[in-house]
2 protein chains.
Amino acid sequence: MSRPSRSAPEHRGAGSHVRNGRGGARSAASGDAATRERLLAVATRLFSERGFRGVTVRDLSREANANLAAVNYHFGDKLGLYREVVAMALEDVHVDPTTDVAAESTPEERIRHYVTTYVPRLASPRGRAVWAQKIMRHEMNDPTPLAPWIAEVVILPRMRFLAEAVATLMGTDMGDPRVGRCVVSLQAQCLSYMPNRFREVAFPGWREMTDAEIRAAATHIADFTLAGIRRLAEQGE
Amino acid sequence: MSRPSRSAPEHRGAGSHVRNGRGGARSAASGDAATRERLLAVATRLFSERGFRGVTVRDLSREANANLAAVNYHFGDKLGLYREVVAMALEDVHVDPTTDVAAESTPEERIRHYVTTYVPRLASPRGRAVWAQKIMRHEMNDPTPLAPWIAEVVILPRMRFLAEAVATLMGTDMGDPRVGRCVVSLQAQCLSYMPNRFREVAFPGWREMTDAEIRAAATHIADFTLAGIRRLAEQGE
DNA sequence: GACGCGATCAAACACGTGTTTTATACATGC
DNA sequence: GCATGTATAAAACACGTGTTTGATCGCGTC
């Protein structure tokens, strides 16, 4: 009961979602994308701007020029649509600053590379894939049932990457509590440059950072952090 | 129209709110506090746990053993009740780590004092006035119309205090962009130890920090930050 | 042409929200 | 005694939410 299954698309496969290829099932006359694709595009934009709870199904339907029932028809429920958006965000985010670093680089180079690629992506309202970062931020502030998934795919690998670099730099192992604290200090500084609704609301004269300021901030974080790590390595546990 | 003003308490004075002293207007027979006071107590707890939007008027009424209309009667509307809670939080927060420091102390002492008093208060679920910090955190994540007020009373004084100490330590003035970046780095590290719903939801094995770990984290932040500041002071702009 | 089927549509449903209304009990002041 | 003003109570209001329903359209196929 309560799920008539009207032979509609199956809303279960969390990972597969092959979805029948959907070649040209729609009327070839209309130039616009299929409803499902329009909903995904609109959902990507709205969820990244306002978070899962800040977007209503009616918002999505209206902006996608779709019927109110379209979300439930194509994605099962609102969370199903959000899950697909998060899946795209994870694909976009999880690769970046930890995997494309040369294996033979020094710990210092790794940390600098992490910061100088990560911070501009977080801070700049321009550029690609900021929407994925915004999804992450909303999840951190106001977690949804998808939070554990996100933590496993994007947070943990970053923590491990940074912890390994910091431990090597300090000449200790990853079980040393100082390593964890340094990783937290580094990550906290990076995240502080993420766009923040509070400062926009609370400080009327706030202006966005320029690209040059963002680069300066990234360099600052790297210098600042490496100095801190070296100092803690000297003074011992 | 739409506001009959039934000679009820005036819900307008944003700043004054003297509120007639309210000596013993209630029947002396009942041992419990007046409805207004019970609502304030419950609101303090619930708003600090779940934020303004996470608490409903029905939650407040139920837990305070008050009628549904009591919030609107005593405080005008839900935001009026929240405003009184925030006012108490501001009184509790704005004094602390910036004003009770000796005027003749060195910049390093000031920064250490700031961190070692601020971080335990942020991080510990025990101790006094954590509810006020939780209110601040909810405002930062999801600002209400009261955000500008909070920014002016608690954020700006802290920023000025830290900026002055950092500038003195670096031997430069507060207009130096490096000063602002160091203040952000310091504050970001402190805030990262604030209780975080994401890590509770996303990491099932999460456990609260002990008092000793919190003290160690505070010392870490101070050492780490002072090292970073000194390094940036050396290398120049 | 009749049928099946995926997709869309308008409408309704069920519920939760902040707020307002109307009535009533109770203490106080004249 | 009685009006007055304060406080509480139960119900309703007005609206927004996610979801479901039943009908209909446009196809392609037998």
Side-chain angles (χ1 to χ4, degrees), chain A residues 1-11 19-30 32-40 43 46-47 50-62 64-83 144-145, chain B residues 1-11 19-30 32-40 43 46-47 50-62 64-83 144-145:
Chain A
M1 3 195 133
S2 93
R3 206 156 240 303
S5 97
R6 59 200 306 121
S7 80
E10 20 68 43
H11 318 290
R19 282 212 46 69
N20 80 3
R22 75 168 329 293
R26 191 72 184 319
S27 85
S30 73
D32 54 347
T35 300
R36 188 189 147 88
E37 307 306 318
R38 291 201 314 278
L39 276 175
L40 268 178
L46 292 191
F47 281 139
R50 315 210 284 262
F52 178 72
R53 278 173 254 278
V55 179
T56 72
V57 178
R58 282 169 177 81
D59 292 337
L60 294 161
S61 310
R62 178 166 15 88
N65 282 339
N67 185 269
L68 176 58
V71 168
N72 295 279
Y73 178 77
H74 285 285
F75 302 95
D77 55 11
K78 183 188 171 189
L79 190 63
L81 171 53
Y82 183 65
R83 187 182 291 115
T144 71
Chain B
M1 359 199 135
S2 90
R3 206 158 240 301
S5 100
R6 60 202 304 121
S7 79
E10 20 67 45
H11 318 290
R19 283 210 46 69
N20 79 2
R22 79 170 325 291
R26 190 75 185 318
S27 84
S30 73
D32 54 346
T35 300
R36 188 188 147 87
E37 306 307 318
R38 291 201 314 276
L39 276 174
L40 267 177
L46 293 190
F47 281 139
R50 316 209 283 260
F52 179 71
R53 277 173 257 276
V55 178
T56 72
V57 178
R58 282 169 178 80
D59 291 338
L60 295 161
S61 310
R62 179 166 14 89
N65 282 337
N67 185 269
L68 175 57
V71 167
N72 295 280
Y73 178 77
H74 285 284
F75 302 94
D77 56 10
K78 183 188 171 188
L79 189 64
L81 171 53
Y82 183 65
R83 186 182 292 115
T144 71

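Numbered from 1 within each chain, the chains take letters A, B, ... in sequence-line order.
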> Could you state the atom-to-atom distance from OH of A:Y82 to C1' of D:dG18 in whole Å?
17 Å

> Picking from D:dT8, D:dT19, C:dA7, which would you name as closest to the side chain of B:T35?
D:dT8

> Over how many whole Å does the gap from A:F47 atom CZ to D:dG18 atom C1' extend?
12 Å

> Which letters describe nucleotides 10-17 of chain C, given B = protein heavy atom under 4.0 Å from base, S = only from sugar-phosphate, - = neither?
BBB----B

> Working to the nearest 0.5 angstrom, can you tell me the gap between A:F47 CZ and A:L40 CG?
10.0 Å

> Please report the distance, rounded to the nearest Å, between CZ in B:R62 and P in D:dA9.
15 Å

> Which pair of non-hydrogen atoms, one from A:L60 and one from A:L46, has the smallest distance, and what is that distance?
CD2-CD1, 4.1 Å

> Which value, rounded to the nearest 0.5 Å, describes the distance between A:R36 atom CZ and A:L39 atom CG?
9.0 Å

> Please enumerate all residues that pass side chain to side chain donor-acceptor pair (under 3.5 Å) together with A:N67, with sequence neighbours excluded.
none

> Atom OH of B:Y73 and atom C1' of C:dG18: how far apart are they, to the nearest Å?
19 Å

> Between the two ends of the helix from C:dG1-D:dC30 to C:dC30-D:dG1, what is the bend in degrees, rounded to 10 degrees, where each end axis spans five pairs?
30°

> What integer distance in Å separates A:N72:CG from C:dT8:C1'?
13 Å

> Evaluate the ring planes of B:Y82 and B:F52, with Trp represented by its six-membered ring, and classify them as parallel (under 30°), tilted (30 to 60°) or perpendicular (over 60°).
tilted

> Check side chain to side chain donor-acceptor pair (under 3.5 Å) between A:N65 and all other residues, then give those that pass, not counting sequence neighbours.
none

> Going by the rule side chain to side chain donor-acceptor pair (under 3.5 Å), which residues pair with B:R50 if we only count those two or more places apart in sequence or in a different chain?
B:D59

> Looking at residues at least two apart in the chain, or sitting in another chain, which of them share a salt bridge (Lys or Arg N to Asp or Glu O under 4.0 Å) with A:R53?
A:D142

> Return the value, rounded to whole Å, for the distance between atom CZ of B:R38 and atom P of D:dA7.
13 Å

> State whether B:H74 places a side-chain N or O below 4.0 Å from either non-bridging phosphate oxygen (OP1 or OP2) of D:dT8.
yes

